[in-house]
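The structure appears right after this line, and notes come after that.
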Amino acid sequence: MNNLLSASKQKFTKSARILNSADYRRITGPGRKSVSPHFLLFVLVGTDGSEPRLGMTVSKKVGNAVVRNRIKRTIREFFRKNRFRLDPSFECVVIARPRAGKSSSAELTISLSKLFRSYEH
RNA sequence: AGAGUGGGCUGGGUGGCCGCUGGUGUUAUGCUGUUUGCAGAUUUUAACACUGGAGGAAAGUCCGGGCUCCAAAAAGCAAGAUGCCGGGUAACUCCCGGCGGGGGCAACCCUAGGGACAGUGCCACAGAAAACAGACCGCCGGACUAGUUUAUCUUCCGGUAAGGGUGAAAAGGUGCGGUAAGAGCGCACCGCGUUUUCCGGUAACGGAAACGGCAAGGUAAACCCCGUCUGGAGCAAGACCAAAUAGGGGGACGUUUAGGGCUGCUAUGUCCAGUUCCCGGGUAGGUCGCACGAGGUGCUUGGUAACAAGUACCCAAGAUGAAUGGUCACCACCUGACUAGCAAUAGUCAGGAACAGAACCCGGCUUACAGGCCCGCUCUUUUU
RNA sequence: GCGCCCGUAGCUCAGCUGGAUAGAGCAUUUGGCUACGAACCAAAAGGUCGGACGUUCGAAUCGUUCCGGGCGUA
């Protein structure tokens, strides 16, 4: 039963993404900030919300389009697999730093898991 | 076999699990209407099923067009682009064929290649002289007999451009004749030129003849002249729907104790504030534009070719804080190590696998690229 | 998408338009001055002029193209 529930929560639909410029500003402003060599993480845990939501920013300084897409896919994949551990009102924005462009996907996944550990339950 | 040269194709595959996104269908749900049974739509959200989902350069944004809006009689000016000839195309800084020039033994490659008697500018250093040519050293003749011992040298006048040295470039090259010395001064061959003629070619141009003793440097990727082309902006174009807040226009109320101004005051009237209703513009946001097009593939015909015409079949991504992925296994490829083997090779382990991500669409150009495959041609060597 | 600018010594720049010596300041090194140092004085070294191709007798400069960096605007 528990297994089935976690499997159903591995989806990552449009409602779980932050798509609005206003939402980005709402989170990156007052949100809690944490840093790793590869990423910046802004977190805002509110009171209401149906599911954890993710936004991300990868600027042109990080690399060319292929590199940027790879980083975004890695972040998205990590969030999709670990989403069921987070609070339903959890909202975050991940910003990639220039060093992330030179790192492998496995290194990025390790870096992300360290950043998200304190918010999991 | 080696070296070289031109062109074309490809850009890992199969399967399991978990995902993203477009389309279609079914079910449920939301919305609107409602006679509470249901019905409707340009269909909200989810689940399930089927099905589509990056490139040869999607890149750089260097050109050309379609499309949309704005402007606009045409032409011209300005500015920019372009430049051998002919053809192709919607168009082109593109492509095809040819010509001239340059490089290479050759296959083949490179070539912004109109005009320098329309005008202006520039050409350092060196050198006598660098642009209406000129005369330093020379060569030759003469003069005064000026200096000096004849010779010779110096000085002056004149004729020359053969030789010298400088330079990227200095009034065509070689030979013979000729001359005081020389010189296209004359001749032969080569080169060059021609508003000449003939032949071939649509043309650029090529060939031949005749004539000219030979024309007065280079630079136009210096300004410029001549011919040709170009209206401007771009899908964040543009069309539609449309919150919140602020503001605009119009209508009604504006009264009894209830705001302010106007005629001296009051009443009345009127204007404003205020309240309320309606309207349009418009921001966030959303929908369309937006995937059937100068479309692709095959065949036939015309053409050397680029390409065109005809015909048959096919529909092949559509995201928008931006999808096309992650992971595991196997196979194929490459590299290294180890083991077996004389060797070819086989097995195990580890690693590698390029350049790069659609953003309105199309035609080119340019640049990047691991590896693999195919075809044509040239030269050298060897064998038959 | 459109438009524009800049790459020259370790650093900041000039020279480019209008072609012929690659220069200035700071920094570095050496010498002098000083008891020693700073400052000062003198000298030296340091450059594929972002790369490639072309035009030209000759390219930092002109043309084409690529690379890197930056800015404006809707």
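Note on naming: letters A, B, ... go to the chains in the order of the sequence lines (proteins, then strands), and numbering restarts at 1 for each one.
Of all nucleotides listed (U324(B), G325(B), C20(B)), C20(B) comes nearest to the side chain of Phe12(A). Set against A358(B), C20(B), C18(B), the side chain of Thr13(A) has C20(B) as its closest nucleotide. In the set U21(B), A356(B), A358(B), the nucleotide with an atom closest to the side chain of Arg17(A) is U21(B).
An OP1 or OP2 oxygen of U324(B) is reached within less than 4.0 angstrom by a side-chain nitrogen or oxygen of Arg73(A). Between Arg68(A) and the phosphate of A356(B), there is no side-chain N or O to OP1/OP2 separation shorter than 4.0 Å. Phosphate proximity of U45(B) to Lys14(A): absent, as no side-chain N or O sits under 4.0 Å from OP1 or OP2. For Arg76(A) and A323(B), the shortest distance from a side-chain N or O to OP1 or OP2 is below 4.0 Å.
Residue contacts for Asp23(A): at a heavy-atom cut-off of 4.0 Å it reaches no nucleic acid atom on any strand shown.
The side chain to side chain contact (heavy atoms under 4.5 Å, CB included) test applied to Val66(A) returns Asn64(A), not counting sequence neighbours. Contacts of Thr13(A) classified as side chain to side chain contact (heavy atoms under 4.5 Å, CB included), with partners at least two apart in sequence or in another chain: Ser15(A). With sequence neighbours excluded, the residues satisfying side chain to side chain contact (heavy atoms under 4.5 Å, CB included) with Ala65(A) are Arg68(A). Residues passing the salt bridge (Lys or Arg N to Asp or Glu O under 4.0 Å) test with Arg26(A), sequence neighbours excluded: Asp23(A), Glu91(A).
Salt bridge absent: Arg73(A) and Glu77(A) never bring a charged side-chain N and a carboxylate O closer than 4.0 Å.
Nucleotide U155(B) is matched to A143(B) when pairs are restricted to Watson-Crick or G-U wobble geometry with both distances under 3.5 angstrom. As the counterpart of U14(B), A329(B) is assigned, both hydrogen-bonding distances of the Watson-Crick or G-U wobble pattern falling under 3.5 Å.
Only the P atoms considered, A54(B) is 23 Å distant from C48(B), to the nearest whole Å. Using atom P as the reference point in both G23(C) and A44(C), the two lie 12 Å apart (nearest Å).
Helical stems involving RNA chain C, defined as 3 or more consecutive Watson-Crick or G-U pairs under 3.5 Å, span C:1-7 with C:67-73, C:10-13 with C:23-26, C:28-32 with C:40-44, C:50-54 with C:62-66.
Leu40(A) belongs to a hydrophobic cluster with Ile18(A), Tyr24(A), Ile27(A), Val35(A), Phe42(A), Leu44(A), Val93(A), Ile95(A), counting contacts under 4.5 Å between side-chain heavy atoms of Ile, Leu, Val, Met, Phe, Trp and Tyr, direct or through other members.
One can place CG of Asn69(A) at 18 Å from P of C20(B), the figure rounded to the nearest angstrom.
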